Student: 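Got a structure for you, written out below as C-alpha cells; questions coming shortly.
Not measured: the values here are computed from a predicted model. Keep in mind that the numbers below use all heavy atoms, side chains included, and drop hydrogens, waters and symmetry copies.
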Amino acid sequence: MQAGFVTPLHIVYRVGTREKIRNFHQTHVNFYFHERDIMALQTKLENNHSFGEIVGKSKKMQHLFTQIQRVAAGSISVLIQGETGTGKELIAKSIHDNSQRKAGPFVAINCAAIPAELIESELFGNERGAFTGANERRTGKFEQANTGTLFLDEIGDMPLILQAKLLRVLQEREFQRIGGASSISIDIRVLAATNQDLENAIRDGYFREDLYYRLSAFRITVPPLRERREDIPILADHFLTKYAAAAEKSIRAISADVLQVLMQYDFPGNVRELENIIESAVLLETTDLLQQQSLPLHPKEKGSQSAISSPTDATTILPLDEVERRAIVHALKVTDNNIPDAARALSISRATLYRKIKQYNLQQ
C-alpha cells in the first residue's frame, strides 16, 4: 500500500477498490487508500494512547493521531493551530518523524522569541560584513533544514515585511543570504504553528492572505486540555513516570485525591501546565504515592477555572490590582516567562505587560 493523506471532505472510496483522492486545497498530489487499511489504521490508533511523545486516548486525540499519520506521507504544507501549551511543536516533530524526510534535519524557529530585526538573519543567514556585528558568515534556518523540515512556530508574530520574503522563498524554493549575491536552492517541507486567529489577523492587516493559504494547505487544530479531560489521568501518569525516573524516585502511582484535583482544574496552560505541575509535585513528594500536599495547587482551588484567581474563601474580595498581579504572575509561570505568549493570554500588548511587570516588581 502506498501511504497517503485523506480527509472526510476529500476521501472517495469503494469496498475492494482503490480510488484517487484529489483536489485537496488545489494541490495536485495523488494518494491511494483501501477501506480496510483505513479501518486497520484507526483501530491501531484507538488501541494505543500515544503517538511518539503525544499522549491521549480521547476521540479528539485519536482523530489527531490519524491526521498526523496520513499527512506525514505527503509533502503538503500544514498549519497547526492551538492554544499555548497544547504541544504544537510535538505534533510538527511527529509529522517529520513519520515522513520520508525523517532522515533529514528537523529545524524549529520561534518567530515570537526573536527580535524583529534579527529574524531575517535567523531564517536566511548572512554573509560576513552584511551589517554591523556580522563578523562571519551565518547559516540560516532554511539552509540548515535542507532535505528536511522547517517548523515556523508562532508564525502570526512574523513582521509583515518579512512575510513577503517568506512567501517568495516558499514559491521559488531559493533565497539569498543577507549581503549575498548568489541564490541558494533548498528542498524542504514547511510546517507552521500559531495560537492566533490568522483569519482575524488578515482582516486587521497584520498577516498576508496569500501567505496564509500557502502555509495552510492543510490545517490541524489541537484541542485544549479542558476539552479532553479523559486524557488527564494518562498524561499525568506519563509525566509521573518521566520525572520520577529523572529524579530517581520510586513513586509508583498518583493518589485518587490528586486525580480529583487535576480532573476539576481547567488548565489554562494546557498540557505544558500539567507537565509543570507533575514535575514540581514529584520533586516535593517523599512517599511512593503522589499525594495532594505535594501539588503546587491549593486544595481549595480545585474546580476553579484559574488557580491564581481563587480567593482564600468564598467571602474574600481581592483588590483589583492584586487580581491583576496574580493573573500576570500565573501567565508568566504557565508560559515559562515568554512575554509574547503571556501578553496574548492576558489580551494585552507586550508594552503593557512589560509596564505591569515593572509596576508590580515581578521577576522574570
Side-chain angles (χ1 to χ4, degrees), residues 51-65 67-68 78-95 108-113 151-158 191-202 204 206-207 212 215-216 218-232 234-236 238-239 262-279 297 301 303-309 326-350 353:
F51 194 99
E53 292 295 315
I54 310 169
V55 177
K57 67 176 183 179
S58 63
K59 288 184 178 180
K60 289 186 177 183
M61 291 306 291
Q62 293 299 314
H63 175 64
L64 180 64
F65 295 163
Q67 286 183 306
I68 294 171
V78 181
L79 177 65
I80 306 167
Q81 299 168 296
E83 296 179 5
T84 296
T86 49
K88 297 185 289 294
E89 183 168 349
L90 279 179
I91 292 169
K93 186 66 164 59
S94 291
I95 292 173
I109 180 171
N110 188 324
C111 300
F151 175 54
L152 301 172
D153 197 10
E154 303 303 346
I155 187 66
D157 286 285
M158 180 172 286
L191 307 176
T194 182
N195 59 12
Q196 300 184 40
D197 187 331
L198 292 187
E199 292 182 354
N200 283 341
I202 291 170
D204 294 339
Y206 296 115
F207 202 82
Y212 172 72
L215 293 172
S216 62
F218 182 74
R219 293 184 284 276
I220 290 178
T221 299
V222 191
L225 189 53
R226 63 182 174 275
E227 292 182 4
R228 53 183 185 102
R229 293 182 186 274
E230 61 267 47
D231 290 333
I232 292 174
I234 61 172
L235 278 165
H238 171 75
F239 293 134
L262 297 178
M263 291 295 289
Q264 293 179 350
Y265 182 53
D266 271 357
F267 291 100
N270 291 294
V271 178
R272 181 189 298 159
E273 184 178 12
L274 173 59
E275 181 173 8
N276 290 341
I277 287 171
I278 298 300
E279 182 180 15
L297 291 170
E301 292 166 349
S304 65
Q305 289 192 348
S306 177
I308 50 84
S309 61
R326 292 190 185 192
I328 293 172
V329 168
H330 185 64
L332 291 172
K333 180 179 179 181
V334 167
T335 60
D336 295 329
N337 287 323
N338 186 304
I339 295 296
D341 282 354
R344 276 191 295 273
L346 293 166
S347 297
I348 60 177
S349 68
R350 298 185 201 181
L353 181 53

Student: Closest heavy-atom contact between S94 and I54?
Tutor: OG-CD1, 3.5 Å
Student: Donor-acceptor pair, K60 side chain versus V222 backbone, under 3.5 Å?
Tutor: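 Answer holds: no.
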Student: Could you pull out the closest heavy-atom pair between V55 and F65, with the gap in Å?
Tutor: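 Closest approach of V55 to F65, heavy atoms only: C-CZ, 4.3 Å.
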Student: L191 and I91: side chain to side chain contact (heavy atoms under 4.5 Å, CB included), yes or no, with the steps?
Tutor: CA-CA 10 Å; L191 307 176; I91 292 169; over 6 Å; no
Student: I'd like to know if the side chain of Q62 reaches the main chain of G56, judged simply by a donor and an acceptor atom lying under 3.5 Å from each other, with no hydrogens or angles considered.
Tutor: yes
Student: How long is the span from the CD atom in E275 to the CZ atom in F267, to the nearest 0.5 Å?
Tutor: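 Interatomic distance, E275 CD to F267 CZ, rounded to 0.5 Å: 12.0 Å.
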Student: Once side chain to side chain donor-acceptor pair (under 3.5 Å) is applied, do any residues pair with Q81, and if so which ones, sequence neighbours excluded?
Tutor: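 None.
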Student: Nearest heavy-atom pair of R228 and P223: which atoms, and what distance?
Tutor: NE-O, 3.7 Å
Student: Does a donor on one side chain and an acceptor on the other come within less than 3.5 Å for E89 and N110?
Tutor: no
Student: Can you measure from NZ (K59) to CG (L64) and round to the nearest 0.5 angstrom?
Tutor: 16.0 Å
Student: Looking at E199, is its backbone amide N or carbonyl O close enough to the side chain of D197 to form a donor-acceptor pair, meaning the two atoms are under 3.5 Å apart?
Tutor: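 Yes: the side chain of D197 pairs with the backbone of E199.
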Student: Does any N or O in the side chain of R229 come within less than 3.5 Å of the main-chain N or O of M263, such that one atom is a donor and the other an acceptor?
Tutor: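 Pair found, side chain donor or acceptor close to backbone of M263.
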Student: Nearest 0.5 Å please: distance from the CD1 atom of I109 over to the CD atom of E154.
Tutor: 12.0 Å
Student: Taking side chain as C-beta onward, heavy atoms only, is R272 less than 4.5 Å from D336?
Tutor: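 Counting from C-beta outward, R272 and D336 do come under 4.5 Å.
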Student: Just checking, is any N or O donor in the side chain of E273 or Y265 under 3.5 Å from an acceptor N or O on the other one?
Tutor: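 Yes, Y265 and E273 have a side-chain donor paired with an acceptor closer than 3.5 Å.
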Student: Determine, step by step, whether D157 and R344 satisfy the side chain to side chain contact (heavy atoms under 4.5 Å, CB included) criterion, reporting the C-alpha distance in whole Å, the side-chain angles of both residues, the deciding distance to 0.1 Å, and the verdict.
Tutor: CA-CA 11 Å; D157 286 285; R344 276 191 295 273; 2.7 Å; yes
Student: Would you say the side chain of N338 lies within less than 4.5 Å of the side chain of T84, judging by non-hydrogen atoms?
Tutor: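 No. Closest side-chain heavy atoms not under 4.5 Å.
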Student: Stepwise, does the side chain to side chain contact (heavy atoms under 4.5 Å, CB included) test hold for L215 with L198?
Tutor: CA-CA 11 Å; L215 293 172; L198 292 187; over 6 Å; no
Student: Rounded to the nearest 0.5 Å, how far apart are CE of M158 and OG1 of T194?
Tutor: 11.5 Å
Student: Looking at L262 and I232, what are the two nearest heavy atoms and their distance?
Tutor: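 Shortest heavy-atom separation between L262 and I232 comes out as O-CD1, 3.7 Å.
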Student: Distance from L353 atom CG to I339 atom CD1, nearest 0.5 Å?
Tutor: 4.5 Å
Student: Side chain to side chain contact (heavy atoms under 4.5 Å, CB included) for K93 and F151? Distances and angles first, verdict last.
Tutor: CA-CA 8 Å; K93 186 66 164 59; F151 175 54; over 6 Å; no
Student: On a heavy-atom basis, which atom in E83 and which in N270 lie closest, and how many Å separate them?
Tutor: OE1-ND2, 3.2 Å
Student: Are any of the side-chain heavy atoms of V271 and L90 separated by less than 4.5 Å?
Tutor: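 Of all side-chain heavy-atom pairs linking L90 with V271, none is under 4.5 Å.
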Student: Partners of S58 by side chain to side chain donor-acceptor pair (under 3.5 Å), sequence neighbours excluded?
Tutor: D231
Student: What's the separation between atom CD1 in I234 and atom CE in M61, rounded to the nearest 0.5 Å?
Tutor: 8.5 Å
Student: For residues A342 and L332, report the shortest heavy-atom separation together with the two atoms involved.
Tutor: CB-CD2, 4.0 Å
